[in-house]
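Beneath this line is the structure, given in C-alpha cells, with notes to follow.
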Amino acid sequence: LFGEGNEKNNGSPLVKGVRGMFRLHGITCSMEHPPGPLRKGEITYTISIMKKIYILTILMTCFLTSIIAQNAKPFVIPELKEWKGGTGELTLNEQTRIVYPKNQPELQRIAQMVADDCKEMFNYTPTIAEGKGQKGDIVLSLKKDKKLGKEGYAINITDRISLSAPEAVGVYWGTRTLLQMAEQGFALPKGEIRDFPDYGIRGFMIDCGRKFIPMHYLRDYVKIMSY
C-alpha cells in the first residue's frame, strides 16, 4: 500500500506517500510509517480511550466478583421459585428461638409444630417465644403480599430468619423449607427467598381398597407429602 503517486483509487484516497490516507470499509484513517510523534490531540484521545478501558475493566471485575460471592440457591423440594443470594451464613444454635407476634394463635400453633419437628429430626426442642425477635431467632409473621398468593411465603435470612406470608398456611410451608435447609446443615446461607406453589391442589392417590393400609401409615404419608 505504500508508494508515491497512488493518491487516488476510484475517487477515494488510498495512499499518499509514506505519510498519507487510506480507506478501510468506508472509513478514512491517517497512517504514518515509520510512526512519528503523537500530536496533542492524538495524545488526549489515546488517554481518553485508556481511561474508558480501565473503568470498564474495574466495573466488570466488581460485577463478576459480586456474582461469585453470592450464595448459591439452597436445594429443597420443590425447588424455590425465587432466590437472591447474599454473602455469609447464619448458624442456628441452642439460643435460636421461634418467635411469633402477640394475639396470633395460628402462628403459635405453627411455631409449636416446628419445635416438635426439630425434636424429632435433631433431638432438640427450640424455645418458643411471643413478641419481637432478636439476632439468631426465627421470626414468624403475617404480611400482605398479593404476588405470593394464598400459600406463598417470603424468607429473609440475615442476622435472623424472618419468615412472612399473607396467610398462616404460607408460613407453614415456609417452615418446611427451613427444615429441609437445616437438615443439610445448621449454617444457612444468607439471602432472600420468595416461593409459592404452581397449583392450588396437589395430591397423591393410593389404592386402599385392595390392600389394608393402617391409618398411622396414611398419617405418616400425609406428613411426608407436606414436608
Side-chain angles (χ1 to χ4, degrees), residues 71 73-86 89-204 219-227:
N71 291 325
K73 179 191 288 188
F75 173 76
V76 297
I77 299 175
E79 182 181 3
L80 299 175
K81 282 291 189 295
E82 298 177 14
W83 165 257
K84 184 178 180 181
E89 297 174 332
L90 172 65
T91 302
L92 304 177
N93 51 49
E94 295 181 355
Q95 283 71 46
T96 299
R97 306 178 303 163
I98 304 175
V99 183
Y100 61 93
K102 294 180 179 180
N103 302 320
Q104 292 288 346
E106 277 298 303
L107 296 189
Q108 181 182 6
R109 186 174 70 91
I110 292 172
Q112 185 61 57
M113 294 172 66
V114 177
D116 295 340
D117 290 331
C118 289
K119 175 63 176 178
E120 182 179 350
M121 296 172 63
F122 312 121
N123 196 29
Y124 169 73
T125 304
T127 302
I128 298 175
E130 183 183 67
K132 295 182 178 179
Q134 58 188 22
K135 290 183 179 180
D137 287 344
I138 301 174
V139 185
L140 310 181
S141 64
L142 295 177
K143 184 179 179 181
K144 293 182 179 180
D145 191 326
K146 293 182 179 179
K147 294 183 179 180
L148 290 177
K150 180 180 179 180
E151 298 183 79
Y153 61 90
I155 299 175
N156 189 17
I157 305 176
T158 54
D159 62 346
R160 68 199 67 191
I161 299 176
S162 300
L163 168 55
S164 63
E167 298 191 25
V169 63
V171 175
Y172 177 79
W173 293 137
T175 63
R176 305 303 94 185
T177 294
L178 291 177
L179 287 173
Q180 287 193 43
M181 293 172 63
E183 193 175 18
Q184 300 170 57
F186 292 140
L188 306 187
K190 292 183 178 180
E192 297 179 16
I193 297 172
R194 289 177 62 83
D195 196 23
F196 44 88
D198 286 326
Y199 305 99
I201 298 176
R202 288 90 66 192
F204 171 79
R219 290 196 181 100
D220 289 343
Y221 224 101
V222 170
K223 188 173 182 179
I224 292 171
M225 290 176 63
S226 71
Y227 184 69

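Along the sequence shown, residues are numbered consecutively beginning with 1.
Both tests hold for Arg176 against Tyr172: distance to the six-membered ring centre under 6.0 Å, angle to the ring axis within 45°.
Under the 30°/60° scheme for interplanar angles, the aromatic rings of Phe186 and Phe122 are found to stand perpendicular.
The two residues Ser164 and Lys143 come nearest to each other via the heavy atoms CB-CB, 4.0 Å. Ala187 and Thr91 make their closest contact through CB-OG1, 3.9 Å (heavy atoms, listed as atom of the first residue, atom of the second, distance). Contact detail for Leu142 and Val171: the closest heavy-atom pair is CD2-CG2, 4.0 Å. For Pro166 against Gly149, the heavy-atom pair with the smallest separation is CG-O, 3.4 Å. Shortest non-hydrogen contact noted between Ile110 and Ala168 is CD1-O, 3.3 Å.
Side chains of Glu94 and Pro126 form no contact here, defined as non-hydrogen atoms less than 4.5 Å apart. Annotation: side chain of Ser226 is in contact with side chain of Trp173 (closest heavy-atom distance under 4.5 Å). A 4.5 Å side-chain heavy-atom check between Pro74 and Thr177 finds every atom pair outside the cut-off. With a 4.5 Å cut-off on side-chain heavy atoms, Phe75 and Gln184 count as touching. At least one side-chain heavy atom of Met181 sits less than 4.5 Å from a side-chain heavy atom of Ile193. Between Ile161 and Leu92, some side-chain heavy-atom pair lies under the 4.5 Å cut-off. Residues Ser162 and Ser141 form no side-chain contact, since every pair of their non-hydrogen atoms from C-beta on lies 4.5 Å or further apart. Looking at heavy atoms from C-beta onward, Tyr124 lies out of side-chain contact with Lys119 at the 4.5 angstrom threshold.
Note on residues 177-194: pairs passing salt bridge (charged side-chain N to carboxylate O under 4.0 Å, His left out), not counting sequence neighbours, are Glu82-Arg194, Asp145-Arg194.
Thr175 and Tyr153 are not linked by any side-chain donor-acceptor pair at a separation below 3.5 angstrom, with hydrogens and angles left out of the test.
In this structure, the separation between CD1 on Ile224 and CZ on Arg219 is 14.5 Å, given to the nearest 0.5 Å. Separation of atoms CE (Met121) and CG (Leu179) is listed at 5.0 Å; rounding is to 0.5 Å. For the atom pair CD1 (Ile128) and CE (Met113), the distance works out to 11.0 Å, reported to the nearest 0.5 Å. In this structure, CG on Leu178 lies 7.0 Å from CG on Leu188, to the nearest 0.5 angstrom.
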* With side chain to side chain contact (heavy atoms under 4.5 Å, CB included) as the test, would you mind laying out the steps for Tyr227 and Gln180 before giving the verdict? => CA-CA 8 Å; Tyr227 184 69; Gln180 287 193 43; 3.4 Å; yes
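Between the side chain of Arg202 and the backbone N or O of Tyr199, at least one donor-acceptor pair lies under 3.5 Å.
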With a 3.5 Å cut-off and sequence neighbours excluded, list the donor-acceptor pairs that the side chains of residues 96-108 form with protein atoms.
residue: Thr96; atom: OG1; partner: Asn93; partner atom: N; Å: 3.0
residue: Thr96; atom: OG1; partner: Asn93; partner atom: O; Å: 3.3
residue: Thr96; atom: OG1; partner: Gly136; partner atom: O; Å: 3.2
residue: Arg97; atom: NE; partner: Asp137; partner atom: OD1; Å: 3.4
residue: Arg97; atom: NE; partner: Asp137; partner atom: OD2; Å: 3.2
residue: Arg97; atom: NH2; partner: Asp137; partner atom: OD2; Å: 2.7
residue: Tyr100; atom: OH; partner: Gln108; partner atom: NE2; Å: 3.4
residue: Glu106; atom: OE1; partner: Arg109; partner atom: NH2; Å: 3.3

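Asp116 is linked by a salt bridge (Lys or Arg N to Asp or Glu O under 4.0 Å) to nothing, counting only residues two or more places apart in sequence or in another chain.
A 6.0 Å sphere centred on NZ of Lys81 holds more than 12 heavy atoms belonging to other residues, nucleotides or ligands.
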